Amino acid sequence: MRIATWNVNSVRTRLPRLISWLGRRQPDVVCLQETKVVDEAFPLADIEALGYHCLLNGQKTYNGVAILSRVPPSGAVRLLPGDESDAERRILIATIDGIHIVNVYAPNGGDVGLPKYAYKLEWYRRLREFLESSFDASDDVLICGDFNVAPEDRDVWDPQKWRGQILCSGPEREALRNLTSWGLKDALRLHSSEGGLYTWWDYRAGAFHRGWGLRIDHILVTEPLAKRCTDVEIDRNERKGEKPSDHAPVIATLE
DNA sequence: ATGGCTACTCCTAGTAGA
């Protein structure tokens with residue numbers, strides 16, 4: 001079973017690439033972030049034609065998440081406790097093949113110290129609370145998406161330059177560690193300990209070709225799924241070519 | 001150094017992303 005996460009930065013702009021990628025990689029589950037479209041305008045027919053069920057939690061212009069799956073998902077949740085009904089669309093939870101899938105698009109935070117930054121830290125706190133109250137760490141739970149945090153210096157192309165900056169600050173890293181301390185493993189780190197493994201590169205300044213990246217998209221799994229996880233791949237080929245997203249997909253294989 | 005680019009919107013300028 002292959003489960004992927006991809007911040008597509010507009011599902012409508014990325015549709016040709018998404019369709020081609022689905023056909024090539026044949027993932028069983030895909031968690032999309034930054035779809036940037038209301039549910040009524042999601043390119044449903046194009047995705048369903050490829051044999052995927054679509055679960056949507058979209059909004060206009062910003063944010064928006066979706067789960068594509070070969071088998072029908074069940075039990076959708078679209079808001080965190082504490083979210084108002086008009087909250088930013090940043091989370092989508094469903095059960096697929098007995099696995100609880102949590103698709104997240106964590107707030108960016110703007111800059112350290114801004115109100116958006118406080119919102120980001122608070123959002124992480126609420127996510128941790130939700131996990132605790134909804135699941136057990138012995139359950140099959142997989143949380144993936146754009147976490148907007150590079151967990152460690154080895155996940156950053158220039159740790160000196162980024163030290164203390166947004167995506168890398170101490171409190172953000174602590175918020176992510178607090179989340180994983182519930183009972184989650186960073187799936188990529190089950191298999192690779194090296195640096196230089198990035199999932200996002202700035203569009204500007206030829207960052208991709210210069211290797212100026214960060215690893216901010218993650219697949220986190222509880223222990224029973226960690227045992228089943230045989231491989232995690234960052235599909236950096238998707239960052240190349242015409243009209244790429246600024247994020248590459250990450251794909252986990254579960255036995 | 002200048003976010004050096006991209007995508008969005010009641011759209012040709014401002015906002016946001018990370």
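Residue numbers start from 1 in every chain, and the chains themselves are labelled A, B, ... in the order their sequence lines are given, proteins ahead of strands. Bear in mind the structure is a predicted one, so any value in this text is a computation, not a measurement. Scope of the values below: all heavy atoms of this structure, side chains included, with no hydrogens, waters or symmetry mates.
Only the P atoms considered, B:dT6 is 23 Å distant from B:dC10, to the nearest whole Å. Atom name P, nucleotides B:dG4 and B:dT9: the rounded distance is 23 Å, in whole Å. Between B:dT12 and B:dA7, the distance separating the two C1' atoms is 15 Å to the nearest Å.
Within the 4.5 Å cutoff, no side-chain heavy atoms of A:Gln59 are placed close to those of A:Lys36.
Summarising the local packing, CD of A:Glu194 is surrounded by more than 12 heavy atoms from other residues, nucleotides or ligands at distances under 6.0 Å.
Separating the CG atom in A:Asp140 from the CG atom in A:Asp97 is a distance of 10.5 Å, to the nearest 0.5 Å.
The residue A:Glu34 sits close only to the backbone: its heavy atoms come under 4.0 Å of sugar-phosphate atoms, none of a base. Among the protein residues, A:Asn148 comes within range of the sugar-phosphate backbone only, with heavy atoms under 4.0 Å from sugar or phosphate atoms but none that close to a base. Residue contacts shown for A:Asp217 are absent, as no nucleic acid heavy atom lies under 4.0 Å away. Among the heavy atoms of the strands lying under 4.0 Å from A:Tyr105 are primed sugar atoms or P, OP1, OP2 only; no base atom is included. Using a 4.0 Å heavy-atom distance criterion, A:Lys120 is classed as making no nucleic acid contact. As judged by a 4.0 angstrom heavy-atom cut-off over every strand, A:Arg210 is placed among the base-contacting residues.
An OP1 or OP2 oxygen of B:dG17 is reached within less than 4.0 angstrom by no side-chain nitrogen or oxygen of A:Lys36. Applying the 4.0 Å criterion to OP1 and OP2 of B:dT2, one finds that A:Arg204 has every side-chain N and O outside that range. In this structure, A:Lys60 reaches the B:dC10 phosphate: one of its side-chain N or O atoms is under 4.0 Å from OP1 or OP2. Distances shorter than 4.0 Å separate none of the side-chain N or O atoms of A:Ser10 from OP1 or OP2 on B:dT6. OP1 or OP2 of B:dC8 sits under 4.0 Å from a side-chain N or O of A:Thr13.
Residue A:Leu167 contributes atom CG, which lies 17 Å from atom P of B:dA16 at whole-angstrom precision. Distance CD1 (A:Ile216) to P (B:dG17): 12 Å, rounded to an integer number of Å. Put simply, NZ on A:Lys243 is 8 Å from P on B:dC8, counting in whole angstrom units. Between the C1' atom of B:dC5 and the CH2 atom of A:Trp212 lies a distance of 14 Å, rounded to the nearest Å.
A donor atom on one side chain and an acceptor atom on the other are found under 3.5 Å apart for A:Asn7 and A:Glu34.
In this structure, the ring of A:Trp201 has its center no less than 6.0 angstrom from the ring center of A:Trp157.
Among the nucleotides B:dA16, B:dG4, B:dA7, the one closest to the side chain of A:Ala205 is B:dG4. When the nucleotides B:dA16, B:dG17, B:dA7 are ranked by their closest atom to the side chain of A:Tyr62, B:dA16 comes out on top.
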